[in-house]
Amino acid sequence: MPKLSAGLLLYRTTHGTVEVLLAHPGGPFWARRDDSAWSIPKGEYTAGEDPWHAAQREFAEEVGLAPPPGPRTDLGSLRQPSGKHLAVFAVAGDLDLTDAHSNTFEMEWPKGSGRVRQFPEVDRVGWFTLAQARIKLLKGQVPVLDRLQAAC
């Protein structure tokens, strides 16, 4: 059975332009990557768990802030290049990112050094227009932007 992941795509309209909130992965592998590196705040969940609840939980863990309340739009599921199935929900709302912070993970770094270091799961979050998001998002998540445009 493929791994399951759920994400929450927060969006807002500013001066007639739709913007989406994206997260940049933390850790040494992503430190120098920008284009095609950002992601919808998301995380894994287990079969039988409600993907909407998982998406809200993962958003709070990765962004460090609760998602704003508001009606959700189910944007469906995407099969990622890794084989993982990503369920995405969109919520219209604004969020002040001043206090955004992520949970952390540990890994040996540099590899083979025996030193275990702690890194943020997400090192930064930001608002992007849909055109900017098409460049910043991981390629497997770009179709969500078309689904969002069709739903708005």
Side-chain angles (χ1 to χ4, degrees), residues 2-45 51-107 109-111 117-152:
K3 289 187 177 183
L4 303 172
S5 186
L8 193 157
L9 182 62
L10 186 62
Y11 70 97
R12 67 184 182 188
T13 303
T14 306
H15 305 295
T17 301
V18 176
E19 297 177 323
V20 293
L21 182 70
L22 301 180
H24 186 272
F29 299 120
W30 297 97
R32 291 186 174 91
R33 291 194 57 199
D34 192 54
D35 292 349
S36 300
W38 292 68
S39 177
I40 297 163
K42 62 173 181 39
E44 290 185 7
Y45 69 98
W52 168 240
H53 290 142
Q56 292 175 300
R57 177 192 68 234
E58 294 298 328
F59 184 96
E61 287 180 8
E62 292 197 346
V63 179
L65 303 166
R72 71 180 187 260
T73 302
D74 186 342
L75 297 179
S77 185
L78 295 169
R79 186 174 184 275
Q80 297 298 280
S82 67
K84 188 182 291 186
H85 289 261
L86 171 61
V88 181
F89 301 91
V91 173
D94 201 355
L95 192 63
D96 180 0
L97 303 178
T98 304
D99 294 325
H101 63 282
S102 175
N103 57 346
T104 60
F105 68 95
E106 291 183 343
M107 67 179 281
W109 191 258
K111 188 176 179 180
R117 294 183 51 195
Q118 197 171 66
F119 298 96
E121 191 171 335
V122 167
D123 60 17
R124 61 192 183 274
V125 292
W127 288 103
F128 296 91
T129 66
L130 292 177
Q132 293 168 324
R134 288 182 189 288
I135 296 166
K136 298 297 181 190
L137 260 177
L138 292 164
K139 296 297 179 203
Q141 295 178 18
V142 171
V144 169
L145 300 176
D146 296 326
R147 294 179 185 184
L148 176 65
Q149 277 187 298
C152 290

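- Considering all non-hydrogen atoms of both residues, P2 and G83 come closest at CB-O, 3.5 Å.
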Step-by-step side chain to side chain contact (heavy atoms under 4.5 Å, CB included) determination, L8 to E58: CA-CA 8 Å; L8 193 157; E58 294 298 328; over 6 Å; no

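- In this structure, G140 and P81 approach most closely via the heavy-atom pair CA-CD, 4.0 Å.
- Of the inter-residue distances, the one linking R57 atom CZ with W52 atom CH2 reads 13.0 Å to the nearest 0.5 angstrom.
- By the 4.5 Å heavy-atom criterion applied to side chains, P68 and L10 are counted as neighbours.
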Verdict with reasoning, L22 to L9, per side chain to side chain contact (heavy atoms under 4.5 Å, CB included): CA-CA 8 Å; L22 301 180; L9 182 62; 4.3 Å; yes

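- Checked against side-chain contact (heavy atoms from CB on, under 4.5 Å), S36 has the following partners two or more places apart in sequence or in another chain: R33, K139.
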Using the rule given for side chain to side chain contact (heavy atoms under 4.5 Å, CB included), can you reason through L95 versus V63, listing the C-alpha separation, both sets of side-chain angles and the distance that settles it, and then say yes or no? CA-CA 10 Å; L95 192 63; V63 179; 4.3 Å; yes

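- Evaluation of the salt bridge (charged side-chain N to carboxylate O under 4.0 Å, His left out) test over residues 72-84, restricted to residues two or more places apart or in two chains, returns E44-K84.
- Legend: salt bridge (charged side-chain N to carboxylate O under 4.0 Å, His left out) pairs involving residues 10-19, not counting sequence neighbours, sorted by first then second residue: R12-E19, R12-D94.
- Partners of A60 by side-chain contact (heavy atoms from CB on, under 4.5 Å), not counting sequence neighbours: none found.
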When the side chains of residues 143-151 are checked against the rest of the protein, which donor-acceptor pairs come out under 3.5 Å, sequence neighbours left out?
{"unit_1": "D146", "atom_1": "OD1", "unit_2": "R134", "atom_2": "NH1", "d": "3.2"}
{"unit_1": "D146", "atom_1": "OD1", "unit_2": "R134", "atom_2": "NH2", "d": "2.7"}
{"unit_1": "R147", "atom_1": "NH1", "unit_2": "L75", "atom_2": "O", "d": "2.8"}
{"unit_1": "R147", "atom_1": "NH1", "unit_2": "S77", "atom_2": "O", "d": "3.3"}
{"unit_1": "Q149", "atom_1": "OE1", "unit_2": "R134", "atom_2": "NH2", "d": "3.0"}

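- Between W109 and F29, the distance from one ring center to the other falls under 6.0 angstrom.
- Side-chain contact between I40 and L138: absent, with no pair of heavy atoms (C-beta onward) separated by less than 4.5 Å.
- Q141 places no side-chain N or O within donor-acceptor distance of the main-chain N or O of S39, the cut-off being under 3.5 Å.
- With rounding to the nearest 0.5 Å, the separation of NZ in K3 from NE2 in H85 is 13.0 Å.
- We find the CD-NE2 distance between E61 and H101 to be 11.0 Å, quoted to the nearest 0.5 Å.
- Using a 4.5 Å heavy-atom cutoff, the side chains of L137 and F128 are not in contact.
- Minimum heavy-atom separation, Y11 to V20: CB-CG1, 4.0 Å.
- Using modelled atom types, one side-chain atom of Q132 and one backbone atom of T129 make a donor-acceptor pair closer than 3.5 Å.
- The list of salt bridge (charged side-chain N to carboxylate O under 4.0 Å, His left out) pairs with a residue in residues 119-133, not counting sequence neighbours, reads D34-R124.
- Looking at every heavy atom in both residues, Y45 comes nearest to A87 through OH-CB, 4.4 Å.
- With contacts defined as side-chain heavy-atom distances shorter than 4.5 Å, the pair K136/D35 qualifies.
- The two residues A6 and A55 make their nearest non-hydrogen contact at CB-N, 3.8 Å.
- Between the side chain of T104 and the main chain of F119, no donor-acceptor pair closer than 3.5 Å is present.
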Given F59 and V91, is the side chain to side chain contact (heavy atoms under 4.5 Å, CB included) satisfied, shown in steps? CA-CA 12 Å; F59 184 96; V91 173; over 6 Å; no

